[in-house]
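Take this structure, written in structure tokens, and hold onto it; I'll ask about it next.
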Amino acid sequence: FANLCDLREQLPLVFEAPFQLKKFTRDQARIAITRPAQQFHLVVEGALVEQLLDALYADGIDPSELELVCYHLLMILSPTERFISQTTYASTGGVRAILEDFFEEALRRLPWRDRATAARLLREMVGPQQQRAVVTRERLLESTGVRPEILDRVVWELSDGGLVRPLVPDSADQLELTHDFVARAVAQRLPAKEERLRQVHLVLTRALRAYQERGALMSGEKLRGAEDAAEDLQLTAEEWEMIARSCLKLDMPLEPWLP
């Protein structure tokens with residue numbers, strides 16, 4: 001049912017009473033593991049249930065992460081096996097390995113030509129605390145510099161792979177990562193320097209928009225916050241003009257920004 005929103009026009013009544021599935025409590029997650037298993041005549045070892053709850057708990061248990069882990073455990077059983085044990089789970093490397101494998105497999109399925117662009121898009125959807133951040137299509141176009149048709153193609157590929165979703169069904173105007181663990185995986189792939197440059201680039205992109213629209217100059221705080229990355233930036237002529245005028249107005253040195 002992950003793509004049920006695609007049937008909005010054919011099944012409009014389904015969307016008359018939307019329901020947001022929030023994080024499970026331990027008791028709710030325990031039921032979510034054991035009752036579906038019983039329906040298919042499967043037995044999940046009691047100690048494993050508690051081990052999964054401990055591994056997944058973070059101010060509650062994300063239902064989507066629980067689903068991915070349980071599905072993976074089911075898929076590695078042989079056709080005749082009906083018992084999911086701690087030994088079965090140990091062979092996977094644990095929750096972290098299962099979730100990381102999902103992320104890596106989704107990336108591997110991307111066409112080679114789109115992998116670099118996909119990485120840039122994913123990075124834009126990670127907040128400073130390694131959490132999911134909602135981003136607009138417009139911002140992605142500005143920050144990555146890719147053509148609209150390429151952006152739309154790669155967003156579709158990431159969505160099909162289960163890594164990205166629209167904030168509002170049937171609209172690509174606002175996008176976010178599908179899971180918190182995807183945000184963490186993306187953030188951990190970024191070298192510290194690259195992450196710092198990404199943050200500074202985002203600050204400059206927003207400042208430039210304000211400069212273009214209202215003639216607003218950068219504040220001293222923003223200039224000082226970006227100075228340490230200045231030598232690694234490739235500034236456009238308009239960005240340089242904005243920074244130079246801002247420094248002159250605030251009587252701040254231009255030297256850190258000189259090539």
Side-chain angles (χ1 to χ4, degrees), residues 1-5 18-78 81-110 118-119 121-123 125-135 158-167 169 175-190 195:
F1 298 99
N3 296 318
L4 189 60
C5 60
F19 179 77
Q20 181 183 8
L21 189 60
K22 298 181 180 179
K23 282 190 174 184
F24 288 153
T25 64
R26 289 181 68 96
D27 287 341
Q28 290 171 329
R30 188 178 292 108
I31 292 172
I33 295 171
T34 57
R35 288 192 183 174
Q38 292 169 2
Q39 293 291 321
F40 291 93
H41 307 290
L42 294 168
V43 176
V44 183
E45 185 178 0
L48 172 58
V49 173
E50 300 308 314
Q51 188 175 2
L52 292 176
L53 299 183
D54 291 340
L56 287 165
Y57 193 88
D59 295 323
I61 295 173
D62 187 325
S64 59
E65 293 184 12
L66 178 63
E67 179 185 18
L68 287 172
V69 170
C70 290
Y71 179 76
H72 185 83
L73 291 173
L74 177 63
M75 288 298 99
I76 63 176
L77 289 180
S78 71
E81 284 184 285
R82 316 307 299 172
F83 183 64
I84 304 177
S85 66
Q86 285 184 297
T87 302
T88 308
Y89 173 66
S91 70
T92 69
V95 162
R96 184 182 181 89
I98 293 172
L99 297 178
E100 288 179 350
D101 283 348
F102 169 81
F103 176 70
E104 296 292 341
E105 179 59 28
L107 293 182
R108 281 193 293 269
R109 289 200 301 268
L110 293 171
L121 296 182
L122 291 171
R123 290 165 189 156
M125 299 183 200
V126 180
Q129 303 302 319
Q130 296 189 10
Q131 82 280 17
R132 289 181 290 171
V134 176
V135 295
L158 291 171
S159 178
D160 188 58
L163 298 180
V164 169
R165 65 186 176 198
L167 190 64
L175 300 161
E176 68 174 352
L177 300 176
T178 51
H179 308 283
D180 289 332
F181 78 83
V182 173
R184 293 192 295 271
V186 172
Q188 289 161 8
R189 281 172 155 264
L190 295 178
E195 170 63 10

- Item | Partners meeting side-chain hydrogen bond (donor to acceptor under 3.5 Å, both in side chains) with Gln131 (sequence neighbours left out) |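 Per chain and number, Gln131 pairs via side-chain hydrogen bond (donor to acceptor under 3.5 Å, both in side chains) with no residue.
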- Query: Is the closest side-chain heavy-atom distance between Met125 and Glu176 below 4.5 Å?
  - Reply: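 Result no, sub-4.5 Å side-chain heavy-atom pair not found.
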- Rounded to the nearest 0.5 Å, how far does OG1 of Thr88 lie from CG of Leu74?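 OG1 of Thr88 is found 11.0 Å from CG of Leu74.
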Which side-chain N or O atoms in residues 64-71 pair as donor and acceptor under 3.5 Å with protein atoms at least two apart or in another chain?
unit_1, atom_1, unit_2, atom_2, d
Ser64, OG, Asp62, OD1, 2.6
Ser64, OG, His179, ND1, 2.8

- Message: On a heavy-atom basis, which atom in Ala118 and which in Leu110 lie closest, and how many Å separate them?
- Response: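 Heavy atoms only, the tightest pair is CB-CD1, 3.6 Å.
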- Interatomic distance, Asp180 atom CG to Gln130 atom CD [nearest 0.5 angstrom]: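 Rounded to the nearest 0.5 Å, the CG-CD separation comes out at 11.0 Å.
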- Closest non-hydrogen atom pair between Leu77 and Phe83, with its separation: CD2-O, 3.8 Å
Table please: side-chain donor-acceptor pairs of residues 52-59 below 3.5 Å, with sequence neighbours left out.
unit_1, atom_1, unit_2, atom_2, d
Asp54, OD1, Arg26, NH1, 2.9
Asp54, OD1, Arg26, NH2, 3.1

- Message: Taking salt bridge (Lys or Arg N to Asp or Glu O under 4.0 Å) as the cut-off, I'd like each qualifying pair that reaches into residues 29-39, sequence neighbours left out, listed once.
- Response: Asp27-Arg30, Arg30-Glu50
- From Leu163 atom CG to Arg109 atom CZ, the distance as rounded to the nearest 0.5 Å: 8.0 Å
- Do side-chain atoms of Thr178 reach the backbone of Gly162 as a donor and acceptor pair under 3.5 angstrom?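 Pair found, side chain donor or acceptor close to backbone of Gly162.
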- Item | Gap between atom CG of Leu177 and atom CG of Leu158 - 0.5 Å precision |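 Reported to 0.5 Å precision, the distance equals 9.0 Å.
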- Item | Audit row: Val164, Val182, side chain to side chain contact (heavy atoms under 4.5 Å, CB included) steps and yes/no | CA-CA 9 Å; Val164 169; Val182 173; over 6 Å; no
- Task: Search all heavy atoms of Gly127 against all heavy atoms of Ala133 and return the closest pair with its distance.
- Result: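 Answer, listing the atom of Gly127 first, then Ala133: N-CB, 3.9 Å.
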- Item | Distance, nearest 0.5 Å, that separates CZ of Arg184 from CZ of Arg132 |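 Answer rounded to 0.5 Å: 10.0 Å.
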- Message: With salt bridge (Lys or Arg N to Asp or Glu O under 4.0 Å) as the rule and sequence neighbours excluded, what pairs involving residues 81-97 come up?
- Response: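 Passing the test, one end in residues 81-97: Arg96-Glu100.
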- Query: Where do Leu48 and Ser85 come nearest, in terms of heavy atoms and distance?
  - Reply: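 What the structure gives for the nearest pair is CD2-O, 3.4 Å.
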- Residue pair Lys22 / Pro63: nearest heavy atoms and the distance that separates them: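 So the two residues come closest at O-CG, 3.4 Å.
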Which pairs would a plain distance check flag for residues 36-46, meaning a side-chain donor or acceptor within less than 3.5 Å of a matching protein atom at least two apart in sequence or in another chain?
unit_1, atom_1, unit_2, atom_2, d
Glu45, OE1, Gln86, N, 2.8

- Note on the structure: Nearest heavy-atom contact between Gly161 and Ala106 is O-CB, 3.6 Å
- Tyr89 side-chain N/O to Val49 backbone N/O, donor-acceptor pair under 3.5 Å: no
